[in-house]
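Both backbone and side-chain heavy atoms feed into the values below; hydrogens, waters and symmetry mates do not. In the text below, chain A, chain B and the rest are named by the order of the sequence lines, each starting its count at 1. Every value quoted in this text rests on a predicted model; they were computed, and no experiment measured them.
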There are 2 protein chains.
Amino acid sequence: MKRKTSQREAIQEVFRQQNRPLGIEDILAQGRAMVASLNQATVYRNLKALVEKGWLSQINHPSLGTVYERTGMEHHHHFHCHSCNHLFCLSGCPVSADRIAPEGFVVEEHELFLSGICPTCNAEQVLPEIKNS
Amino acid sequence: MKRKTSQREAIQEVFRQQNRPLGIEDILAQGRAMVASLNQATVYRNLKALVEKGWLSQINHPSLGTVYERTGMEHHHHFHCHSCNHLFCLSGCPVSADRIAPEGFVVEEHELFLSGICPTCNAEQVLPEIKNS
DNA sequence: GTCGTTGCAAAGCCTTTGCAGGGAA
DNA sequence: TTCCCTGCAAAGGCTTTGCAACGAC
């Protein structure tokens with residue numbers, strides 16, 4: 001990562017604009033809006049480089065597979081809306097570390113994945129007539 | 001799944017003997033100890049069938065990928081020991097459901113993955129001389 | 001002009017599927 | 001004997017890699 005390229009700029013710009021964890025498909029589609037020739041292999045290579053550089057971190061989500069998010073946030077977890085399929089970062093952590101595992105287990109890390117309906121989709125479900133009026 | 005076969009019996013026996021979540025590699029290796037001809041495709045097909053039947057459930061683990069465990073346990077989570085690489089089921093749930101997500105998010109499911117060192121590996125680390133004496 | 005990066009295509013994993021032969025009932 | 005199930009091999013997704021051409025500096 002010694003030279004600045006329009007491809008990598010586009011990938012980073014996608015993350016800045018979306019401000020949420022993204023999968024390869026999203027990154028590629030939106031990156032191509034900026035650099036039409038953008039190739040899958042280039043995206044994979046740059047994502048890997050940006051993770052190594054510490055600009056992104058990789059998440060292996062149980063439902064969504066591999067997604068990437070910008071680094072720099074505090075410890076947090078993710079909420080997957082299975083209506084719009086977006087992933088949301090939730091600040092804070094409802095996991096009490098001390099009573100988390102039985103005697104003898106040394107807990108070094110934990111990951112919590114929530115899923116359900118996000119506020120936006122929930123509003124649309126409850127009040128669909130608003131959208132249609 | 002209308003006929004009983006030695007292959008499927010072997011796969012189920014592996015789960016009974018190990019009594020912990022298992023990945024395809026483990027299932028295949030240990031199943032072959034019972035039925036030498038056991039094929040990967042057969043394992044995949046039977047795992048899928050046993051999941052549909054409700055005898056197994058599938059876990060998409062962030063570090064281990066796809067693993068399977070016997071059904072019938074209460075709500076629980078998993079601990080991954082990154083020394084022996086085994087997955088342990090932990091009873092109970094340290095996630096307080098009410099304060100789990102901000103206003104507006106409807107939480108329907110959650111999954112918690114812990115990782116660290118299991119009691120056995122921890123004992124070996126602390127007292128390695130016992131093993132060697 | 002260098003040599004880091006890209007695009008393309010091929011190749012690697014893991015998992016699924018098509019098909020003919022084998023075995024349970 | 002029937003036809004479900006298995007083994008084998010080929011094919012599907014997702015991701016990585018080899019290589020020649022491009023382009024940042």
task = Examine distances only and state if a side-chain atom of B:T71 and a backbone atom of B:W55 form a donor-acceptor pair shorter than 3.5 Å.
result =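 Indeed, once roles are kept as given, a pair shorter than 3.5 Å links the two residues.
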List the atom of [X], the atom of [Y], and the distance in Å for their closest heavy-atom pair.
{"X": "A:V14", "Y": "A:G31", "answer": "CG2-N, 3.7 Å"}
{"X": "B:R20", "Y": "B:D26", "answer": "NH2-OD2, 4.3 Å"}
{"X": "B:C81", "Y": "B:C118", "answer": "SG-N, 3.4 Å"}

request  = Look at the side-chain N and O atoms of B:Q7 and state whether any lies under 4.0 Å from the OP1 or OP2 oxygen of C:dG23.
outcome  = no
[X] [atom1] to [N] [atom2]: how many Å, rounded?
{"X": "A:L38", "N": "C:dG7", "atom1": "CG", "atom2": "C1'", "value": "10 Å"}
{"X": "A:N39", "N": "D:dC19", "atom1": "CG", "atom2": "P", "value": "18 Å"}
{"X": "A:M1", "N": "C:dT6", "atom1": "CE", "atom2": "C1'", "value": "15 Å"}
{"X": "A:K53", "N": "C:dT5", "atom1": "NZ", "atom2": "P", "value": "11 Å"}
{"X": "B:N46", "N": "D:dC4", "atom1": "CG", "atom2": "C1'", "value": "12 Å"}

Between the protein and nucleotides 14-16 of chain C, list every N/O to N/O distance that falls short of 3.5 Å.
unit_1, atom_1, unit_2, atom_2, d
C:dT15, OP2, B:Y44, OH, 2.3
C:dT15, O5', B:Y44, OH, 3.2

Report whether [X] and [Y] are members of the same hydrophobic cluster (ILVMFWY, side-chain heavy atoms less than 4.5 Å apart, transitive linking).
{"X": "A:V95", "Y": "A:F79", "value": "yes"}
{"X": "B:L64", "Y": "B:L47", "value": "no"}
{"X": "B:I27", "Y": "B:L87", "value": "no"}

Extract from the structure each pairing of a protein N or O with an N or O of nucleotides 21-25 of chain D at less than 3.5 Å, listing the distance.
unit_1, atom_1, unit_2, atom_2, d
D:dG23, N2, A:R3, NH1, 2.2
D:dA24, N3, A:R3, NH1, 3.4
D:dC25, OP1, A:K4, N, 3.4

request  = Among B:V51, B:I59, B:L22, find the residue that satisfies the side-chain contact (heavy atoms from CB on, under 4.5 Å) test when tested with B:Y68.
outcome  = B:V51
message = Using 30° and 60° as the class boundaries, would you call the ring planes of A:H77 and A:H75 parallel, tilted or perpendicular?
response = perpendicular
Short side-chain donor-acceptor distance under 3.5 Å, A:H80 and B:E109 =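 Looking only at side-chain atoms, A:H80 and B:E109 do not form any donor-acceptor pair under 3.5 Å.
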Donor-acceptor side-chain pairing of A:H78 and A:E69 below 3.5 angstrom = yes
request  = For DNA chain D, determine which residues of residues 55-64 of chain B have any heavy atom closer than 4.0 angstrom to one of its atoms, and list them numerically.
outcome  = none
